[in-house]
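Just so you know, these numbers use all the heavy atoms, side chains as well, and skip hydrogens, waters and symmetry mates. Since this is a predicted model, take the numbers as computed values, not measurements.
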Amino acid sequence: MTSDRHLAIDNLRAVFGDRLSTGNSVRDLHGRDASRFEVALPDAVVFPETTAEVARIVSICAEHACPIVPFGIGSSLEGHVIPVHGGVSVDTSRMNRVLDVQPENLCAVVQPGVTREQLAAELRATGLMFTVDPGANATIGGMAATRASGTNTVRYGTMADTVLALEVVTADGRVIRTGTQARKSSSGYDLTRLFVGSEGTLGIMTELTVRLFGQPEHIAAATCHFDSIQAAVQTVISTIQCGIPVARAEFLDEVQMRGMNQYDPVLNLPEKPHLFLEFHGTETSVAEDVARFREIAQDLGVHDFAFATKTEDRNRLWKVRHEAYFAARGLRPGAVPLITDCCVPLAALTDCVQRARDLADRYGLLAPMAGHVGDGNFHMGVLIDPKDTAEVAAAHDLVGQLNELALELGGTISGEHGIGMGKIPYMAAQHGDAYDVMAQLKQAFDPQNLFNPGKIFAVDDQVTG
């Protein structure tokens, strides 16, 4: 640690006392996330409780050229919160208050450390719901930072559609506000959407205004399976193209289903490509949507519709889907999952998913797949022995080819996991000269490159201190 960083940490300790830690166990917790990347420890971890305290942290770190890495709960999958250049990890877990719920405006104002499940519990008696559901009980700030989406995206949108306004601390310690509670604006640059998805590289979000929706009158969930990946995926594509407002449309391939049955033997579903579905509306409209969906699915060889309308049955179904990560790991105990995702236009999705399956089989790798196919997004988790160098290399080759396949088909290298460290090598291929413009924006917002250095951009040589 340089003398400048020592000074930064000494100054922060004077302000925060025992809310700053340099203990090894705390640093270790903040030196990792849910990704495959090696642990890299911060020099210190600080726990602010207010926007003013975050601004103070940023001002002190900027004065001493000390890197700053925002931290939610560490559920990210591309190394987003790993402090690869050390510095200070800013843990937002104590900024966890729901500040205001406005049913009449269909919005809520929250601090960044509020978790998805915490907000859902706060809204339970209001008849409203927060709809972005990536599976993990992530913080709202972390979800905004990675532009998260999830199972409800096909109907309700991503965090980019959900975040209406932000309070952000910038690299010079200023506190700015972007956006309003109005649903649209033609006033100046859209800074809200610039910060959403910036992965902590442009500033630290300290307050978020998020859009809410009314809870539907009637909900029906269903499972069904098909003899082929193509039939399952094409069913969803045809459903969307016909304008049927499905609320959730989740795909799980036969490998993932094998893991699901091992993880929860009570499930006992055929090890075939499956769809997990949900329909929202009135009882009449849901019945009509289900009937239209069944017609499409039957033309493509569907098997074994099973419905769940009781809340406890639906919750169990989606709990099973959200635990797909753990179920997949159970297929090969001791293995480490190299997880990736991509997103392509709907018309290319069937081809992309099948070619991804073929690639994994060609490499001889165990790689279960699941995805939010209603919006063209799917995930692959390649289960590897980290000590087997040949297997690790093959897995990285597979992920690289999947990224290239997504671009070939007019898509993106990530639909929701983000870039972090893992997908930097593919950014120029996707964005071309626009990637240079992104770097110019980073330089303008953060000239010392102190906010989460080494993420989104390979500009590590600009790090000072």
Side-chain angles (χ1 to χ4, degrees), residues 51 97-112 114-116 118-134 138-170 175-199 202-219 240 243-249 278-282 285 289 343 346 372 374-377 412 415-416 418 441:
T51 298
R97 290 186 297 141
V98 176
L99 300 171
D100 191 19
V101 176
Q102 299 183 20
E104 66 280 7
N105 286 326
L106 294 174
C107 68
V109 182
V110 302
Q111 291 184 306
V114 171
T115 66
R116 177 180 63 83
Q118 179 189 349
L119 181 55
E122 187 82 16
L123 296 174
R124 195 164 291 141
T126 68
L128 301 172
M129 60 181 182
F130 176 74
T131 56
V132 182
D133 180 4
T139 62
I140 305 301
M143 291 165 64
T146 56
R147 201 184 297 122
S149 53
T151 59
N152 286 315
T153 300
V154 64
R155 179 153 182 173
Y156 298 103
T158 72
M159 285 299 285
D161 307 298
T162 301
V163 177
L164 298 172
L166 292 170
E167 180 182 77
V168 181
V169 177
T170 64
V175 179
I176 66 169
R177 288 186 172 272
T178 75
T180 70
Q181 292 179 7
R183 292 309 169 94
K184 62 181 181 178
S185 173
S186 58
S187 173
Y189 297 147
D190 191 345
L191 294 180
T192 302
R193 290 203 176 195
L194 181 60
F195 283 108
V196 173
S198 63
E199 301 184 11
L202 301 179
I204 299 180
M205 303 174 198
T206 55
E207 187 180 293
L208 304 93
T209 301
V210 295
R211 186 179 182 184
L212 306 176
F213 290 84
Q215 294 178 9
E217 174 187 315
H218 186 71
I219 300 175
I240 302 301
I244 300 172
V246 62
R248 285 171 164 170
E278 195 164 270
F279 301 87
H280 295 177
T282 64
S285 70
D289 293 338
C343 189
L346 281 181
H372 321 304
D375 49 10
N377 181 213
T412 174
E416 63 183 25
L441 286 169

*Quick one: are Leu208 and Pro112 in side-chain contact, heavy atoms under 4.5 Å?*
yes
*Work out which heavy atom in Ile140 is nearest to a heavy atom in Met159; give both atom names and the distance.*
O-CE, 3.9 Å
_Could you tell me if the side chain of Thr162 sits less than 4.5 Å from the side chain of Val196, heavy atoms only?_
no
*Please report the shortest heavy-atom distance between Asn105 and Arg183, naming the atom on each side.*
O-NH2, 3.0 Å
*asked:* Between Gln215 and Met129 (side chain of the first, backbone of the second, donor and acceptor by atom type, cut-off under 3.5 Å), is there such a pair?
replied: no
*asked:* With rounding to the nearest 0.5 angstrom, report the OG1 to CD1 distance, Thr51 to Ile204.
replied: 10.5 Å
*How about Val246 and Phe279: do any of their side-chain heavy atoms sit closer than 4.5 Å?*
yes
_Measuring only between side-chain heavy atoms, which start at C-beta, is Arg116 closer than 4.5 Å to Val132?_
no
*Do you know the tightest heavy-atom contact between Gln181 and Leu164?*
O-CD1, 4.1 Å
*Could you state the interatomic distance from CG (Leu191) to CD1 (Ile176), rounded to the nearest 0.5 Å?*
6.0 Å
_Value rounded to 0.5 Å, distance of OG1 in Thr178 from CG in Leu166_ = 4.0 Å
*Locate the shortest heavy-atom distance separating Gly281 from Pro216; write the atom from each residue and the value.*
N-CB, 3.9 Å
*With a 4.5 Å heavy-atom cut-off, do Val98 and Leu119 have their side chains touching?*
yes
*Is a side-chain donor or acceptor of Thr206 paired with a backbone partner of Glu167 at a separation under 3.5 angstrom?*
yes
*asked:* side chain to side chain contact (heavy atoms under 4.5 Å, CB included) for Leu194 and Tyr189? Distances and angles first, verdict last.
replied: CA-CA 9 Å; Leu194 181 60; Tyr189 297 147; over 6 Å; no
_To the nearest 0.5 Å, what is the distance between CD on Glu416 and CZ on Arg147?_
12.0 Å
*asked:* With a 4.5 Å cut-off on side-chain heavy atoms, are Met143 and Pro134 touching?
replied: yes
*asked:* Would you say that Asn152 contacts Arg248 through its side chain, given a criterion of any heavy-atom pair below 4.5 Å between the two side chains?
replied: yes
*Spacing of Thr209 atom OG1 and Arg177 atom CZ [to the nearest 0.5 Å]*: 7.5 Å
_Would you compute the distance between atom OG1 of Thr131 and atom CZ of Phe213 and round it to the nearest 0.5 angstrom?_
5.0 Å
*Side chains of His372 and Thr151: closer than 4.5 Å at any heavy-atom pair?*
yes
*Hey, can you tell me if Tyr156 and His280 have their rings parallel, tilted or perpendicular (30° and 60° cut-offs)?*
tilted
*Might you point out which heavy atoms bring Phe130 and Leu123 nearest each other, and give the distance in Å?*
N-CD1, 3.7 Å
*Would you name the heavy atoms of Ser149 and Gly415 that are closest together and state the gap between them?*
OG-O, 4.1 Å
*Would you mind checking if Asp375 and Arg155 are paired as a salt bridge, meaning a charged N to carboxylate O distance below 4.0 Å?*
no
